[in-house]
Amino acid sequence: MQTDLVAALDIGGTKIAGALVDSTGALLTGARRPTPQQADGGRVMGAVHEVLAELSAAPEWSRVRAVGIGSAGPVDAQAGTVSPVNIPGWRDHPLVDGVRERTGALPVTLVGDGVAMAAAEHWRGAARGYTGALCMVVSTGVGGGLVLDGRLHAGPTGNAGHIGHISVDLDGDPCPCGARGCVERIASGPNIARRALDAGWRPGPGGDTSAAAVAEAARAGDPVAVASFERAARALAAGIAATAALVEVEIAVVGGGVARAGEVLFAPLRRALGEFATLSYVRGLRVVPAQMGTDAGLVGAAAACRGLPAAEPAS
């Protein structure tokens, strides 16, 4: 029996991905374009249209009943606009209207990318069965989403849980969002690499200056690389502990490119969390790697569109 599908979009600072997603969370036809860097809003929207055109050419498109979008934020779900910090060409950009130009009368649901990731991890991933969860994307930026009382909590504008722009260093560096000392300014991949380079770390013969290269150097014992990841871990721990103190989440799920550093990130993160999560009701907070990988944004956009996830018993 064929089921209805959701056309899901995952929009970030480096890529724009799309897929047709079924009721089990399986991805069918997919498409992907790089996000035009430093381009005007029209060119970025053009890449979104290219992804939608490729999806709509698939024979399964006739089964699509809705469109779900998880976008780098902040987003405004009520207005249908986005202003991603890492896509400077989009400020109050009418993304939902632009999508509707290509999808017609299909209903469109817009949430932040962190909210989409939370929906995916609670539906099919590491937060499945938990009634309270904070799920985070640590990559080019730092986003997050919340599950409260067993349901996705997107908030009125679709941004609830945006932990990347909690200030954890009141006198810290200015953040592109306008504040100082944000989690993102300290813990995102580009800032991990920037900090290591500023402190004297130098890449290998290939010249790779990414956070992944810093992680590799940290595994090899480079003290500057280790210190940069420890600084990122402390910022993440402070933000996670603050969130847990406010809303009593039981688990924090960390995904994104930076999380692929593994124990280079998670070991100092768990140590630092012990320093910050000191209240009795947050001491048992678990921090685990995400399970949904690069599919999280697409699966989560579909889940948010379907009104999922519902709480299930933890296994």
Side-chain angles (χ1 to χ4, degrees), residues 12 72-73 85-86 112-115 117-118 121 125-127 132-147 159-170 172-173 175-177 179-196 210-212 214-215 218-219 225-279 282-292 296:
V85 173
N86 295 313
D113 56 355
V115 173
M117 184 260 198
E121 291 293 336
L134 167 67
C135 301
M136 304 175 61
V137 181
V138 186
S139 186
T140 308
V142 176
L146 291 167
V147 173
N159 294 288
H162 200 346
I163 190 173
H165 295 289
I166 290 177
S167 179
V168 291
D169 184 355
L170 300 185
D173 293 338
C175 178
C177 78
R180 282 185 173 272
C182 291
V183 172
E184 180 171 301
R185 178 63 177 163
I186 300 169
S188 70
N191 283 301
I192 290 172
R194 172 190 57 81
R195 186 168 51 248
S210 68
V214 179
R219 287 188 202 94
V226 168
S228 189
F229 266 90
E230 287 183 343
R231 174 67 169 148
R234 289 183 65 79
L236 292 170
I240 291 168
T243 303
L246 284 173
V247 296
E248 292 196 63
V249 295
E250 307 154 84
I251 190 170
V253 178
V254 184
V258 171
R260 288 197 286 271
E263 287 303 294
V264 167
L265 175 69
F266 282 95
L269 173 53
R270 293 187 181 106
R271 287 196 302 269
L273 194 63
E275 298 178 39
F276 293 110
T278 57
L279 294 169
V282 297
R283 286 180 196 152
L285 177 67
R286 297 184 62 211
V287 178
V288 300
Q291 294 180 355
M292 296 301 295

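What you are looking at is a predicted structure, and each value in this text was computed from that prediction instead of being measured.
Here the closest non-hydrogen pair linking Pro268 and Glu263 is CD-O, 3.5 Å. Heavy atoms only, all atoms of each residue included: Ala296 and Met117 are closest at CB-CG, 4.1 Å. The two residues Arg270 and Pro289 make their nearest non-hydrogen contact at NH2-CD, 4.3 Å. Among all heavy-atom pairs drawn from Ala211 and Ala193, the shortest one is N-CB, 4.0 Å. Contact detail for Gly256 and Val137: the closest heavy-atom pair is CA-CG1, 4.3 Å. Across all their heavy atoms, Glu121 and Ala126 have their closest contact at OE1-N, 2.8 Å.
Taken from CG in Leu279 to CG in Leu285, the straight-line distance is 11.5 Å, to the nearest 0.5 Å. Atom OG of residue Ser139 and atom CD of residue Glu184 lie 10.0 Å apart, to the nearest 0.5 angstrom. Of the inter-residue distances, the one linking Leu146 atom CG with Leu246 atom CG reads 10.0 Å to the nearest 0.5 angstrom. To the nearest 0.5 Å, atoms CZ (Arg234) and CG (Asp169) are separated by 11.0 Å. Expressed to the nearest 0.5 Å, how far CZ of Arg271 lies from CD of Glu230 amounts to 5.5 Å. Between atom SG of residue Cys182 and atom CD1 of residue Ile163 there is a gap of 11.0 Å, rounded to the nearest 0.5 Å.
A donor-acceptor pair is defined here as one N or O able to donate and one able to accept, closer than 3.5 Å; no such pair exists between the side chain of Arg180 and the backbone of Leu170. Between the side chain of Asn159 and the main chain of Gly112, no donor-acceptor pair closer than 3.5 Å is present.
Inter-residue side-chain proximity for Phe229 and Val258 is flagged as met; some heavy-atom pair is nearer than 4.5 Å. The side-chain heavy atoms of Val183 and Leu236, taken from C-beta on, include a pair separated by under 4.5 Å. Val138 places none of its side-chain heavy atoms less than 4.5 Å from the side chain of Leu265.
A salt bridge does not link Arg195 with Asp173: every distance from a Lys NZ or Arg NE/NH1/NH2 to an Asp or Glu carboxylate oxygen is 4.0 Å or more.
Partner Met136 forms a side-chain contact (heavy atoms from CB on, under 4.5 Å) with one of Ile240, Thr243, Val253 and no other, that one being Ile240.
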